[in-house]
A.B. asks: 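This structure is in structure tokens; I'll ask about it shortly.
In what follows, chains carry the letters A, B, and so on, assigned in the order in which the sequence lines appear, proteins first and then strands, with residues in each chain numbered from 1. As the structure is a prediction and not an experimental result, all values here were calculated from the model.
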Number of protein chains: 2
Amino acid sequence: MTTQRDIARTAGVSVAVVSAVINGTAHTRMSEATRARVIQAMENLDYQPNQAARSLRLNRTGMIALILHKLDNPVYSHLLRGVYGAAAEHGGTVLLGDAEMMRSGSQFVTRLLSQGTVDGILIRDNSLFDDDVLAELRSHPKPILSLDYARDHPWVGIDDCRAGEIATRFLLNLHHRRIVFIGGATGYAFRQRYLGYQQEMQRAGLEPAPHLATGFGEQAGSDGLRQALQLAAAPTAVVVNNIMSAVGVLAAARDLGISVPDQLSVVGIHDVGLMEHLRPAVTAVRMPMYELGQAGVHALYELMAGRHCTSGIITDYEPELVVRDSATALTDA
Amino acid sequence: MTTQRDIARTAGVSVAVVSAVINGTAHTRMSEATRARVIQAMENLDYQPNQAARSLRLNRTGMIALILHKLDNPVYSHLLRGVYGAAAEHGGTVLLGDAEMMRSGSQFVTRLLSQGTVDGILIRDNSLFDDDVLAELRSHPKPILSLDYARDHPWVGIDDCRAGEIATRFLLNLHHRRIVFIGGATGYAFRQRYLGYQQEMQRAGLEPAPHLATGFGEQAGSDGLRQALQLAAAPTAVVVNNIMSAVGVLAAARDLGISVPDQLSVVGIHDVGLMEHLRPAVTAVRMPMYELGQAGVHALYELMAGRHCTSGIITDYEPELVVRDSATALTDA
DNA sequence: GTTAGGTGACGTATCGTTAATTCACCGTAG
DNA sequence: CTACGGTGAATTAACGATACGTCACCTAAC
């Protein structure tokens with residue numbers, strides 16, 4: 001491995017100068033000729049700074065952790081892109097973790113937290129961490145930022161309530177009145193979306209249906225729809241709190257012989273490529289996940305720089321309805 | 001931050017003893033009483049070793065990189081689990097990267113390769129890296145293992161050819177004769193699956209259809225089916241080379257008014273949760289991706305230990321057909 | 001002619017950990 | 001009474017990069 005010492009020897013300067021050339025240290029100056037010689041030597045010897053040494057000296061690794069609920073959830077696809085991109089802007093690398101690995105006592109969490117492996121942590125959905133881990137998280141010195149509302153941490157979020165409103169408003173405009181809200185686990189974001197639904201229903205003078213929060217994933221959507229059909233008045237439309245649950249709703253509808261959108265309109269919250277390729281293609285509210293990732297990283301870097309960061313919902317980018325085929329106007333039957 | 005020096009001071013010993021207690025160094029001995037005092041001090045002060053210092057000293061980070069094509073491809077879900085699990089067994093952490101980030105010249109790739117950020121690299125689908133990156137990969141000192149056949153690296157793979165055979169054999173047993181093979185990008189694995197299809201067709205005395213390798217993803221499946229229908233004799237069954245393309249095939253079939261499985265049987269290669277929740281639920285060949293991840297990590301650790309590692313297909317776990325609703329026996333029409 | 005200030009560069013302590021070397025002490029064998 | 005081996009520990013030199021303190025040299029102002 002080529003070190004600064006090798007460069008120094010080759011260029012006939014001291015390591016201090018090499019380091020100064022690399023970091024542009026104001027303190028140590030050098031002539032243009034010297035700088036050029038050093039740069040030449042670095043290129044010739046194919047020098048690459050040793051990260052471990054750098055981390056030790058600077059007490060900073062240039063790596064941030066991103067902890068997600070289910071890595072394979074397609075809604076994270078854009079979030080990941082945003083996070084990786086923004087981290088790269090700051091010259092940083094991203095260590096990706098699944099919340100599953102955050103069980104307290106696991107190698108992974110300890111390592112992240114206290115061993116200086118990362119400079120900061122971005123987490124999505126606090127509700128997933130058990131109390132021990134949360135305590136550990138709070139006690140350790142590196143900044144943490146939540147990508148969802150958090151009572152005890154700095155956070156950045158997207159307007160989940162608005163997403164619920166948009167989906168509901170769309171269905172109301174299509175003359176639906178019996179609209180139910182299906183799916184969603186314990187997270188704050190999930191509840192916010194229901195809140196948006198609730199508000200919009202009340203604004204229209206309608207009674208919101210209870211939250212059929214049957215959980216997360218395809219099965220939850222299927223269960224939710226079956227429960228919805230037990231209600232006194234069967235719904236003509238559903239808002240689905242989650243992209244994978246939307247798949248479950250479509251499956252259950254098919255299994256029960258309910259035609260979508262003719263007999264049941266479906267609007268999903270969150271949009272991914274899959275929604276376009278299901279049949280019927282699913283009308284969904286696109287959430288600005290890419291932008292959330294970006295904003296989260298920038299805010300985290302603020303924190304890591306010791307500066308203040310204002311928590312809140314990002315307002316530059318709003319949830320946006322993508323109209324496809326799974327919802328249609330209610331015709332008087 | 002608590003360091004070994006703090007422990008040493010508290011326990012009234014030297015740092016050498018602390019290090020020896022931690023690492024069990026044979027060279028430096030100590031009495032049981034001393035060891036106990038050191039351990040007590042470590043607990044009291046909540047000592048966590050500094051990874052940067054460790055990495056610098058040992059020239060080893062305990063981190064391996066896993067580079068995938070599309071992170072959000074659900075088939076990686078089980079692979080990830082296998083990799084993370086096996087890495088944890090070795091006390092390691094996984095740095096996850098998308099091949100997109102492997103564009104040569106990017107921060108990420110350089111960092112991985114030469115700056116000692118990781119001890120080894122696991123890559124899936126070599127075809128994704130451009131020549132510059134591959135050259136860099138080969139020139140750098142850390143071991144690399146491919147999770148797919150590779151001419152120039154050690155590799156571990158799954159039996160993709162067998163998967164093609166299984167899918168085709170299943171359809172043949174259902175009396176299908178006009179079977180086409182759809183989708184797949186440039187990877188070796190994709191071609192192997194077609195090869196399996198080809199072999200099985202020939203074994204049945206049938207002429208294999210040309211490989212409708214329209215690419216990767218939902219759109220590819222849709223395009224592939226449309227192309228298949230242009231063939232002289234329309235197919236009664238398709239093998240789909242890729243899970244997302246299967247979604248596209250179903251969508252195109254629906255759009256074209258072709259009923260699955262009544263008019264067209266579909267078998268997918270690779271299985272993910274989604275397949276169960278599509279309608280019709282997709283019959284698919286489950287690939288041992290979890291086991292591939294495990295085997296890859298173990299082989300990589302062999303390489304990192306300077307030992308030899310035999311490249312090849314893992315045989316302990318075979319591709320396995322999961323029968324659902326998208327394929328049915330051909331009845332004489 | 002002396003000195004103040006600027007320029008260009010060097011030497012070295014430091015980060016926390018590991019491991020090779022050295023050392024002090026004690027009991028015992030010769 | 002001395003030499004010796006074993007035990008339990010301390011000292012210290014790396015690992016590579018960074019930044020502070022220092023210094024030699026040159027020019028120009030007084």
A.B. asks: Can you check whether B/S31 has a side-chain N or O nearer than 4.0 Å to OP1 or OP2 of D/dA9?
C.D. replies: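 It does, given that an N or O in the side chain of B/S31 lies less than 4.0 Å from OP1 or OP2 of D/dA9.
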A.B. asks: Mind calculating the distance between NE2 (A/H27) and C1' (C/dC10) to the nearest angstrom?
C.D. replies: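 Taking atom C1' of C/dC10 as the reference, NE2 of A/H27 is at 11 Å.
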A.B. asks: Answer yes or no: does a side-chain N or O of B/T3 lie under 4.0 Å from OP1 or OP2 of C/dG16?
C.D. replies: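 No, no such contact exists.
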A.B. asks: Classify the nucleic acid contact of B/R29 as base, sugar-phosphate or nothing, counting any heavy atom under 4.0 Å across all strands shown.
C.D. replies: base
A.B. asks: Could you tell me the separation between the CG atom of B/D6 and the C1' atom of C/dC15, rounded to a whole number of Å?
C.D. replies: 13 Å
A.B. asks: In Å, rounded to the nearest 0.5 Å, how long is the span from CD1 of A/I67 to CD1 of A/I64?
C.D. replies: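 The distance works out to 10.5 Å.
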A.B. asks: In whole Å, what is the span from the CD1 atom of A/I7 to the P atom of D/dA17?
C.D. replies: 9 Å
A.B. asks: Between B/L56 and B/M30, which has a closest nucleotide on DNA chain D that is more 5'?
C.D. replies: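 Final value for this comparison: B/M30.
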A.B. asks: Counting side-chain heavy atoms from CB outward, which of C/dC10, D/dA9, D/dA17 is closest to A/A53?
C.D. replies: D/dA17
A.B. asks: Which part of the nucleic acid, if any, lies within contact of B/I22, taking any heavy atom under 4.0 Å across all strands shown: a base, the sugar-phosphate backbone alone, or nothing?
C.D. replies: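 Answer is nothing: B/I22 stays at 4.0 Å or more from every strand.
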A.B. asks: Contact class for B/S55 (heavy atom, under 4.0 Å): base, sugar-phosphate, or nothing?
C.D. replies: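 No contact.
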A.B. asks: Grab the CZ-C1' distance between A/R60 and C/dC15 for me, whole Å please.
C.D. replies: 13 Å
A.B. asks: Is there a side-chain contact (heavy atoms from CB on, under 4.5 Å) between B/L122 and B/V83? Walk through the geometry before answering.
C.D. replies: CA-CA 9 Å; B/L122 235 38; B/V83 169; 4.3 Å; yes
A.B. asks: Which sits closer to the 5' end of DNA chain D, A/A52 or A/T28, going by the nucleotide each is nearest to?
C.D. replies: A/A52
A.B. asks: B/R5 has an atom CZ; how far is it from atom P of D/dA10, in whole Å?
C.D. replies: 14 Å
A.B. asks: Checking ring pair (Phe, Tyr, Trp, His ring centres under 6.0 Å) for the pair B/H69/B/F216: CA distance, chi angles, key distance, verdict?
C.D. replies: CA-CA 11 Å; B/H69 178 188; B/F216 188 85; 5.2 Å; yes
A.B. asks: Base, sugar-phosphate, or nothing: which does A/V13 touch, judged by heavy atoms less than 4.0 Å apart?
C.D. replies: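 Sugar-phosphate contact only - A/V13 comes under 4.0 Å of backbone atoms but never of a base.
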A.B. asks: Let me have the donor-acceptor pairs involving side chains of residues 287-302 of chain A, under 3.5 Å, with sequence neighbours excluded, atom names and distances please.
C.D. replies:
| unit_1 | atom_1 | unit_2 | atom_2 | d |
| --- | --- | --- | --- | --- |
| A/H298 | ND1 | A/H90 | NE2 | 2.8 |
| A/E302 | OE1 | A/R307 | NE | 2.9 |
| A/E302 | OE2 | A/R307 | NH2 | 3.1 |

A.B. asks: If a pair satisfies salt bridge (charged side-chain N to carboxylate O under 4.0 Å, His left out) and one of its residues is in residues 72-89 of chain B, list it, with sequence neighbours excluded.
C.D. replies: A/E100-B/R81
A.B. asks: With respect to the phosphate group of C/dA9, does any side-chain polar atom (N or O) of A/T34 fall under 4.0 Å of OP1 or OP2?
C.D. replies: yes
A.B. asks: Is it the case that more than 12 heavy atoms not belonging to A/R9 sit under 6.0 Å from its CZ atom?
C.D. replies: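 Check passes, neighbour count above 12.
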A.B. asks: If you only use heavy atoms from C-beta on, which nucleotide in D/dT12, C/dG11, C/dG16 is closest to the side chain of A/A16?
C.D. replies: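 Between D/dT12, C/dG11, C/dG16, the one nearest the side chain of A/A16 would be C/dG11.
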A.B. asks: May I have the distance from A/Q51 (atom CD) to D/dC15 (atom C1'), rounded to whole angstrom?
C.D. replies: 15 Å
A.B. asks: Which is true for A/G12 with a 4.0 Å heavy-atom rule: it touches a base, it touches only sugar-phosphate, or it touches nothing?
C.D. replies: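 Sugar-phosphate contact only.
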A.B. asks: Between D/dT12, C/dG16, C/dA20, which nucleotide gets closest to the side-chain atoms of B/V15?
C.D. replies: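 Closest of the options to the side chain of B/V15: D/dT12.
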A.B. asks: Hey, does A/N59 reach any base, or is it just sugar-phosphate, or nothing, if we go heavy atoms under 4.0 Å?
C.D. replies: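 Nothing: the residue A/N59, judged by heavy atoms under 4.0 Å, touches no strand.
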A.B. asks: Rounded to whole angstrom units, what separation is found between the CZ atom of B/R9 and the P atom of D/dA10?
C.D. replies: 14 Å
A.B. asks: Rounded to the nearest angstrom, tell me the gap between atom CG in B/L58 and atom C1' in C/dA19.
C.D. replies: 10 Å
